[in-house]
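Beneath this line is the structure, given in structure tokens, with notes to follow.
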Amino acid sequence: MQHRAHAPVLDYLVEILRAHRASGRLHAQVSHGMEAYVLHVTRLADEHVLTGVEALVAANRAVTLALALPQLPEDRHEPR
């Protein structure tokens, strides 16, 4: 069994990005990129490369940046 070292809030931040993407609030490409970044930070926390605080700060900044971007229309014709 593998021990998860990261804080559950990191998983919550990923879910925030997914929810905003699904609602159309975040551009899909931005959301996918930031989600990948937060998941990478989570892996680094699990491997003890980053401390819990460093991981939380990095992930929170990514989510905050993604949500601060202006909404742009996407090239899609059907809702998700």
Side-chain angles (χ1 to χ4, degrees):
M1 184 169 103
Q2 200 173 31
H3 175 67
R4 285 182 15 180
H6 68 269
V9 72
L10 292 172
D11 298 325
Y12 177 69
L13 291 172
V14 170
E15 291 304 317
I16 288 173
L17 289 170
R18 290 176 180 164
H20 282 284
R21 178 176 66 233
S23 73
R25 167 66 183 86
L26 276 179
H27 192 280
Q29 290 175 324
V30 170
S31 179
H32 286 296
M34 289 301 184
E35 182 179 332
Y37 178 82
V38 174
L39 290 172
H40 180 66
V41 166
T42 301
R43 279 190 300 277
L44 292 177
D46 284 343
E47 296 169 1
H48 303 287
V49 175
L50 293 177
T51 66
V53 173
E54 291 170 328
L56 288 173
V57 168
N60 189 51
R61 284 185 181 173
V63 171
T64 302
L65 173 63
L67 294 175
L69 293 172
Q71 286 183 278
L72 299 174
E74 292 186 45
D75 290 334
R76 60 185 174 106
H77 302 287
E78 298 178 22
R80 283 189 188 100

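Only heavy atoms go into these numbers, but all of them, side chains included; no hydrogens, no water, no symmetry mates.
Rounded to the nearest 0.5 Å, atoms CG (Leu17) and CG (Leu67) are 7.0 Å apart. To the nearest 0.5 Å, the span separating CG on Leu13 from CZ on Arg18 amounts to 11.5 Å. Atoms CD1 and CG, on Ile16 and Asp11 in that order, are 11.5 Å from each other to the nearest 0.5 Å. Note: Leu26 CG to His32 NE2 = 10.5 Å, rounded to the nearest 0.5 Å. Here the CG atom belonging to Leu69 is positioned 10.5 Å from the NE2 atom belonging to His27, to the nearest 0.5 angstrom. Rounded to the nearest 0.5 angstrom, His40 NE2 and Leu50 CG are separated by 8.0 Å.
Put simply, Leu65 and Leu39 are part of the same group of oily side chains (I, L, V, M, F, W, Y) that touch within less than 4.5 Å, one to the next. Val57 and Val9 are members of different hydrophobic clusters when ILVMFWY side chains are connected at heavy-atom separations under 4.5 Å.
Between Met34 and Ala66, the closest heavy-atom pair is CG-CB, 3.8 Å. Nearest heavy-atom pair across Ala59 and Leu10 is CB-CD2, 3.5 Å. Of all heavy-atom pairs between Tyr37 and Ala62, the closest is CD2-CB, 3.6 Å.
Under the salt bridge (Lys or Arg N to Asp or Glu O under 4.0 Å) criterion, no residue pair touches residues 22-33, with sequence neighbours excluded.
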